[in-house]
Amino acid sequence: MANGGVCLSCSALVCALVFLTVDGDFVDITYVASAVAKGAVCLDGSPPAYHLARGFGSGVNSWLVHFEGGGWCSNVTTCLQRKRTRLGSSKQMAKQIAFSGILSNTPDYNPDFYNWNKVKVRYCDGSSFTGDVEKVDPATKLHYRGARVWQAVMDDLLAKGMNSANNALISGCSAGGLTSILHCDRFRDLFPVDTKVKCLSDAGFFINEKDIAGVEYIAAFFNGVATTHGSAKNLPSACTSRLSPGMCFFPQNEVKQIQTPLFILNAAYDSWQVRNILVPGFADPHGFRDDFLKALKEQGTPSTRGLFINSCFVHCQSETQETWFASGSPMLETKTIADAVGDWFYDRNSFQKIDCPYPCDSTCHNRIYDDPSEA
C-alpha cells in the first residue's frame, strides 16, 4: 500500500487515521427491529443488523450485498460462547464500521462499485444464514434462526430500494463467502429476470479435507453445524437430495448446480483452511493446494464463471484495500482482483486464472489467521 512506509514510523493513533483515509468511511449500523416479531434473530434473540452506504450518480440503482465472515458454531457449548460476542448478538456489534476494499466509495480504490448501494450484513447466527429451529431451549435461550435472518434482511433491503436494482451482486468473505455460494440462486430469485445478478465468493470455497492424522474433522464439524441449526431445509435441495446436510456446506458439492454466474476468489494456500482444517500449527500447504485445485476443477469452468486463484498464504482479499485495489495489490496476468471482478461482472472480459505454485507470485500479501472465528 502507498501509505505503508508512513505508518512504520507513526504512532498507533496516527496510523489508524492514515489508513482510514485510504480504507474508507465509517458507516452507521441499522437494526432490523421488525425482524424480531418474525423470529428472525441472532443467537441471543437480538435483532439482525447491517450497514448501508447509499449509492449515488450512475450507481443509484446498483446494489452490492456483502456478508460478514466469522466461522460457525456446531453445538450448544460453542453457540453459547458465540452468543456473548458480536458474532452472536447485535448488542455487541460496533455502531459504525469502516467500508474499504470492495465497499469503498472512492473510484481510485474501487473503480467499478464505488458508487453502488453497498451493504455489509452482520453475521450473528453461526450457520452461514442456514439455520431455522422453531423451539428455543429455555435453559440456553439460544435462537437458531440464520435463514430467517437472511430473509428478513433481504426484505428490509428490498423495501429500501433494492427491488428496483438494475445490477445486484452478493458477496462475502470466508463464512460470508460460503453464504454467497449457498444463497446465490436464492438471491437471484429476489429480482426480475432483466436484472443483472451475480455472486462473488471470497475465501468461501472450503474443501472436504482430512487433517494430517487422516481424520475427517471438518466434515464432522459441518455435520454438527447442520444438525444444531436445523439447516437441512435451507441448503440447496440439489445437494441435500443426494448428500447429508453437513456435506452440503462444502462448495465442491454445490457449485455445479448453481445457475447464477459465480466468481470464486480464493488463495490456493488458504491460510485459514491450512491452519485450522488440515492441521493447527503446521501443515503441508502444497498438498492442500493440489487437493483444493482438484475440488475446484471438478466444478467445471462454464463461461459465466469467474476465477481468481492466487498462490498466496492468505484468507479473504476483497475487504481490505491493500489486496483489493492499491499499489502493490495481488495480481494475476497484470490484473488486480478489483479489475478481474469488475470485468467479469460487466461482461467486459472473462477471467478464469489459476496461479503457478508458491513461491512464484511476488504480488502476494501473505497473512496467517490462527483464530478459527476469523473464518
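Just so it is clear, the values below take in all heavy atoms, side chains as well, and ignore hydrogens, waters and symmetry mates.
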If you compare all heavy atoms of [X] against all heavy atoms of [Y], which two are closest, and at what distance to 0.1 Å?
X	Y	answer
Ala338	Pro111	CB-CD, 4.5 Å
Ser311	Cys364	O-SG, 3.4 Å
Ser174	Cys316	N-SG, 3.6 Å
Cys73	Val225	O-CG2, 3.8 Å
Phe206	Pro251	O-CD, 3.2 Å
Ser58	Asn115	OG-ND2, 3.0 Å

Flag yes if [X] and [Y] sit in one hydrophobic cluster, no otherwise; membership is Ile, Leu, Val, Met, Phe, Trp, Tyr, and two members link when side-chain heavy atoms are under 4.5 Å apart.
X	Y	result
Leu64	Tyr346	yes
Phe187	Leu158	yes
Leu43	Val153	no
Phe56	Leu157	no
Phe351	Trp324	yes

Going by an N to O cut-off under 4.0 Å, is there a salt bridge joining [X] and [Y]?
X	Y	answer
Asp156	Lys160	yes
Asp343	Lys335	yes
Asp44	Arg82	no
Arg148	Asp132	yes
Asp339	Arg348	no

I'd like to know if the side chain of [X] reaches the main chain of [Y], judged simply by a donor and an acceptor atom lying under 3.5 Å from each other, with no hydrogens or angles considered.
X	Y	result
Lys210	Val215	no
Lys256	Glu298	yes
Thr130	Leu235	no
Thr228	Ser74	yes
Lys118	Tyr114	yes
Gln352	Leu307	no
Lys294	Arg289	no
Ser180	Gly176	yes

[X] and [Y]: side chain donor to acceptor below 3.5 Å:
X	Y	value
Ser128	Trp72	yes
Asn266	Asp202	no
Ser231	Asn234	no
Asn167	Thr195	no
Gln317	Asn310	yes
Ser104	Asn110	no
Asp108	Thr106	no
Thr240	Ser237	no
Gln273	His315	no
Thr260	Asp185	yes
His51	Arg122	yes

### Message
Please determine whether side chain to side chain contact (heavy atoms under 4.5 Å, CB included) holds for the pair Gln96 and Ile29, giving the CA-CA distance in whole Å, both sets of side-chain angles, and the decisive distance to 0.1 Å.
### Response
CA-CA 6 Å; Gln96 294 181 322; Ile29 198 167; over 6 Å; no

Taking atom [atom1] of [X] and atom [atom2] of [Y], what is their separation to the nearest 0.5 Å?
X	Y	atom1	atom2	value
Lys297	Gln252	NZ	CD	15.0 Å
Asp347	Thr304	CG	OG1	9.5 Å
Trp116	Arg54	CH2	CZ	15.5 Å
Cys199	Leu169	SG	CG	7.5 Å
Asn208	Ile218	CG	CD1	8.5 Å
Ile102	Gln321	CD1	CD	11.0 Å

Flag side-chain contact, heavy atom, 4.5 Å: [X] against [Y]:
X	Y	result
Phe325	Ile337	no
Glu134	His143	no
Arg305	Val255	yes
Asp270	Val274	no
Arg186	Met154	no
Ser329	Thr363	no

### Check against side chain to side chain contact (heavy atoms under 4.5 Å, CB included), Tyr50 and Tyr31
CA-CA 7 Å; Tyr50 60 82; Tyr31 300 101; over 6 Å; no

### Message
Counting neighbours of NZ on Lys233 that are heavy atoms of other residues, nucleotides or ligands and sit closer than 6.0 Å, is the number greater than 12?
### Response
yes

### Task
Determine whether more than 12 heavy atoms belonging to other residues, nucleotides or ligands lie under 6.0 Å from atom NZ of Lys196.
yes

Any chance the rings of [X] and [Y] have centres within less than 6.0 Å?
X	Y	value
Tyr358	Phe313	no
Trp63	Phe191	no
Phe263	Phe308	no

### Task
Go through the steps to decide whether Phe288 and Tyr269 satisfy the test ring-ring contact (aromatic ring centres under 6.0 Å, His included), and finish with yes or no.
CA-CA 7 Å; Phe288 177 86; Tyr269 302 94; 8.1 Å; no

### Task
Hey, can you tell me if His183 and Trp150 have their rings parallel, tilted or perpendicular (30° and 60° cut-offs)?
parallel

#### Entry: Aromatic plane relationship, Phe222 with Phe250 - under 30° parallel, 30 to 60° tilted, over 60° perpendicular
perpendicular

### Task
Take Phe129 and Phe67 through the side chain to side chain contact (heavy atoms under 4.5 Å, CB included) test and state the conclusion after the steps.
CA-CA 10 Å; Phe129 298 87; Phe67 284 83; 3.5 Å; yes

### Query
Would Trp272 and Ile277 count as a side chain to side chain contact (heavy atoms under 4.5 Å, CB included) if you check the C-alpha gap in whole Å, the side-chain angles of each, and the deciding distance to 0.1 Å?
CA-CA 8 Å; Trp272 189 92; Ile277 295 177; 3.7 Å; yes

